[in-house]
Amino acid sequence: MGDDSSATVPLLTSQKQASNNKLSSKKKAPSIDDAVEKYIGNTGRMQLMKAIFLAFAWAFDAQQVFISVFTDAEPRWHCTDVDQSTVCSASASSPCAFPAGSWAWDRPAHTSMVSEWGLKCWPTLVSLPASSFFAGCLAGGFLLATLADSFLGRKKMLLFALACMSAAGALTAFAPNVWAYAALRFVSGFGRSILGTCTLVLSTELVGKRWRDTVSVAGFFFFTVGFLSLPALAYYVVRDDASWRSMYLWTSVPALCYAALLYAFVQESPRWLLVRGRKQDAIDALRQIVSLNNGGGGSVTSSFSMLHACIIMPQEQDAAASGNGKGGVLRAIAERPWATRRLAAIMTASFGIGMVYYGMPLNVGNLGSSLYLSVTYNALAELPASLLVWLFIGRINRRISLVVVTVVAGALSLACVAIPQEPRYAAARMACETVSFCATCTAFNVSLIYSIELFPTSVRNSAVGLVRQALVLGGVVAPVLVALGRDRSFWSFGVFGLAIGCLGLFVVCLPETRGRNMADTMDEEEHNNQYAASYSCAAAGPDDHDPDIVHADCNGAAIV
C-alpha cells in the first residue's frame with residue numbers, strides 16, 4: 001500500500017520538488033556575497049564616510065566633462081570703426097567678412113581659447129577639442145574597461161584614471177596652440193573614461209547591502225556638485241578677466257591632491273580580491289573595514305573562517321577574472337545568451353539616455369537665454385534627480401521606473417519642438433527643457449545602479465564600463481544634432497525626445513533586480529536565475545494563466 005500511495009503522487013510535482021531540493025541544497029553553500037555581507041554588513045559610520053569620500057571623484061569627472069562649455073565658448077564682439085554702415089555691421093552674425101581693426105572682442109582675448117587663438121572663423125577647429133575629449137572617452141572605455149576586472153583591480157584603475165585625467169588637464173593650461181590643446185583633451189578623456197565606473201563599483205563594494213543605494217546616489221550628487229561649480233568658477237574668471245587656462249588649473253590640481261588621499265586611505269574591493277583568489281589580501285582589506293566599523297579601536301579578532309568555504313580557486317574562476325584581459329571578459333559574456341541580452345538591452349537604452357544627457361546642456365544656447373543661467377538651471381536639475389533616486393531606489397522597481405522616466409523625458413523634449421520659438425514662450429520652453437533634463441538625469445542614475453545589479457563581480461566593472469561607453473557614444477552624436485538644431489529645433493529637441501523615449505523601452509526585456517543579492521561569478525548569477533525560475537515554476541504550476549511562460553522557466557530558457 002505504501003508503494004501504491006507514493007505512486008499516486010503526480011510525476012510533475014515530484015520532479016519539481018526534486019529539482020527545487022537540489023537547487024536549494026546548492027544555494028546553501030556560502031557565496032562571496034554571503035561572506036562579505038557577514039563581515040561588513042553592519043557598515044559603520046567611518047567606513048560609510050570613506051565610501052562617500054570615494055564617491056566624491058564624480059565631482060572632478062563632471063568638471064572635465066562640461067568645462068569646455070565655458071573655456072571654448074564663443075565670446076561676444078563689437079564694431080570699432082566710426083562709420084559702421086560701410087565697414088562693420090553689429091547686426092551681422094559673424095565678423096569674419098570684416099577687415100581687421102573694424103571689430104574687437106568685448107572682453108580680453110585670453111578669456112576664451114576661441115578669441116586667444118583667433119578661431120572665430122574656423123568652426124571646425126573650435127569644436128575639435130571637445131570632439132577629441134569624447135573620442136578619448138571612447139578609446140579609453142574600449143581599452144581600459146576590463147582592466148579593473150582582470151589584473152589591475154578597482155583601486156589601481158581608479159587612481160590611474162584620476163592621475164591621467166588630472167595631469168592632462170593641468171598641462172592643458174599651458175597648451176601653446178589648438179592642436180596641443182585637442183591632444184591633451186584626448187588624453188584627459190582617455191583617463192576619464194573609466195573614472196566614474198571604477199568609483200561607482202568600488203564604493204558600492206566597500207559597504208554592506210543596506211548602504212549600496214545611498215553610496216551610489218552620493219556619487220550622482222557629487223557629479224551635480226562638480227557641474228554646479230563650473231558656472232561659479234567661470235563667472236569668477238570672466239569677472240576678473242582671467243584666462244580660460246586658470247579654469248583647468250583650478251579643476252585639475254585639486255583632483256591630483258584628491259588622488260593622493262585615495263591612495264593612502266581607500267582599500268581595494270574585498271569582493272574582487274576574493275574572485276581573483278587573493279584570500280590574504282581580501283582578509284587584510286576586511287580587517288581594515290571591520291576595524292573602522294568597530295570605531296577604529298582595538299584589534300580585530302575575527303578569524304574570517306567563512307571565507308575558506310567560498311574562495312574561488314583559479315581553475316574555477318570566470319574567464320573574465322583569469323587574467324585574459326578584454327577578450328576573456330567579452331567571451332565570458334558572449335558565451336551566455338542571457339548576459340548578452342542584458343548587455344545589449346541596457347546599452348541600447350543608455351545610448352538614448354546619453355544623447356539627451358550630454359546634448360541638453362549643449363543645446364541650451366538655442367533657447368535664447370543667458371548661458372550662465374541656463375547651465376546653472378540644468379546643473380540644479382540634477383539635484384532633485386539625485387534626491388528622488390536616493391529616496392525611492394530601495395522601494396521602486398528598476399525596470400518600470402526606467403521606462404517611466406525615459407518616456408517622460410522624451411515627451412517633454414518633444415514639447416520643446418511644439419512650443420513656438422517666440423520670446424513670450426521662452427519660459428515655457430525653458431521649463432520643459434529643464435524638467436526633461438531632470439528626468440534624463442534620473443534615468444542616467446537608475447541605469448547605472450541597474451547595471452551594477454545585472455552583472456556579477458567578475459565582469460561587473462567591464463559591463464558597467466560598456467554601459468557608460470554607450471552613454472558617451474550618445475554624447476558624441478549630440479553635438480552634431482545641436483548644430484543642426486540651431487535652424488530647426490526638431491533636429492535637436494525632436495531627435496532627443498524620440499531617441500530617449502523609444503530606446504528606453506528596451507529595458508522591458510531585462511529582469512527586475514530590486515532587493516536581490518549581488519552575485520560574484522557568472523555561474524553563480526546563472527544559478528540564482530535558474531533557482532528563481534524553478535521556484536516560480538513550482539509556485540505557479542502548469543495551471544497558471546500563462547503555462548507557456550511557466551514551462552519556459554522550468555526549462556531554464558526564460559533566464560534574462
Side-chain angles (χ1 to χ4, degrees), residues 220 341-364 366-367 374 377-378 381-382 384-386 388-389 392-393 396-421 425 428-451 454 466-513 560:
F220 305 146
R341 286 195 297 268
R342 290 185 186 184
L343 187 61
I346 193 65
M347 286 184 66
T348 301
S350 297
F351 175 79
I353 295 171
M355 187 185 298
V356 182
Y357 183 79
Y358 292 112
M360 280 291 190
L362 299 176
N363 199 42
V364 292
N366 294 338
L367 294 174
S374 299
Y377 289 153
N378 277 263
E382 293 213 29
S386 299
L388 287 172
V389 173
F392 298 108
I393 193 64
I396 61 175
N397 291 338
R398 279 68 166 131
R399 180 171 52 188
I400 296 176
S401 60
L402 200 52
V403 170
V404 170
V405 293
T406 52
V407 170
V408 169
L412 290 174
S413 184
L414 290 172
C416 293
V417 180
I419 298 175
Q421 298 186 34
Y425 297 113
R429 284 168 58 84
M430 188 67 207
C432 287
E433 188 275 339
T434 303
V435 178
S436 176
F437 184 70
C438 180
T440 303
C441 294
T442 305
F444 186 98
N445 298 344
V446 174
S447 67
L448 290 179
I449 295 176
Y450 201 7
S451 301
L454 283 170
L466 290 172
V467 171
R468 281 176 59 87
Q469 285 304 99
L471 291 165
V472 172
L473 185 60
V476 173
V477 176
V480 179
L481 297 175
V482 170
L484 294 174
R486 291 172 183 169
D487 298 326
R488 188 179 179 187
S489 61
F490 173 80
W491 291 110
S492 54
F493 288 116
V495 176
F496 287 165
L498 292 175
I500 192 172
C502 296
L503 298 182
L505 297 176
F506 275 79
V507 299
V508 300
C509 304
L510 297 173
E512 183 52 52
T513 60
V560 292

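Note that CG of L471 is 11.5 Å distant from CE of M355, once rounded to the nearest 0.5 Å. In this structure, CD1 in I346 is found 6.5 Å from CD1 in I353, a value given to the nearest 0.5 Å. Taken to the nearest 0.5 Å, the CG atom of L505 stands 6.0 Å off from the OG1 atom of T406. Rounding to the nearest 0.5 angstrom, the gap separating the SG atom in C441 from the CG atom in L388 is 11.0 Å.
The minimum heavy-atom distance between A381 and C438, with the atom names listed, is O-SG, 3.4 Å. Closest non-hydrogen pair, A345 versus L510, comes out as CB-CD2, 3.8 Å. Counting all heavy atoms, side chain and backbone alike, A349 lies closest to V507 at CB-CG1, 3.7 Å. The minimum heavy-atom distance linking S401 with V446 is given by the pair OG-CG1, 4.0 Å. Residues M347 and L466 share a closest heavy-atom pair of CE-O, 3.5 Å.
Annotation: side chain of F444 is not in contact with side chain of V356 (no heavy-atom distance under 4.5 Å). Within the 4.5 Å cutoff, the side chain of I396 has no heavy atoms near those of the I400 side chain. You'll find the side chain of S413 reaches within 4.5 Å of the side chain of M360, heavy atoms only. Looking only at side-chain heavy atoms (C-beta outward), Q469 and S350 stay at 4.5 Å or farther from each other. The shortest side-chain heavy-atom distance between F490 and L498 falls under the 4.5 Å cut-off. Looking at V408 and T442, their side chains never come closer than 4.5 Å, going by heavy atoms from C-beta outward. Side-chain contact check for Y450 versus R399: some heavy-atom pair is nearer than 4.5 Å. Contact check for T440 versus I500: side-chain heavy atoms found under the 4.5 Å cut-off.
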Handout entry: Trace of the side chain to side chain contact (heavy atoms under 4.5 Å, CB included) decision for V472 with Y358
Key = CA-CA 8 Å; V472 172; Y358 292 112; 4.3 Å; yes
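Within a 6.0 Å radius of CZ in F351, more than 12 heavy atoms belonging to other residues, nucleotides or ligands are found.
Side-chain atoms of R429 come within 3.5 Å of backbone atoms of C416 as a donor-acceptor pair (strictly under, hydrogens ignored). A donor-acceptor distance shorter than 3.5 angstrom exists from the side chain of T348 to the backbone of A344, with no hydrogens or angles considered.
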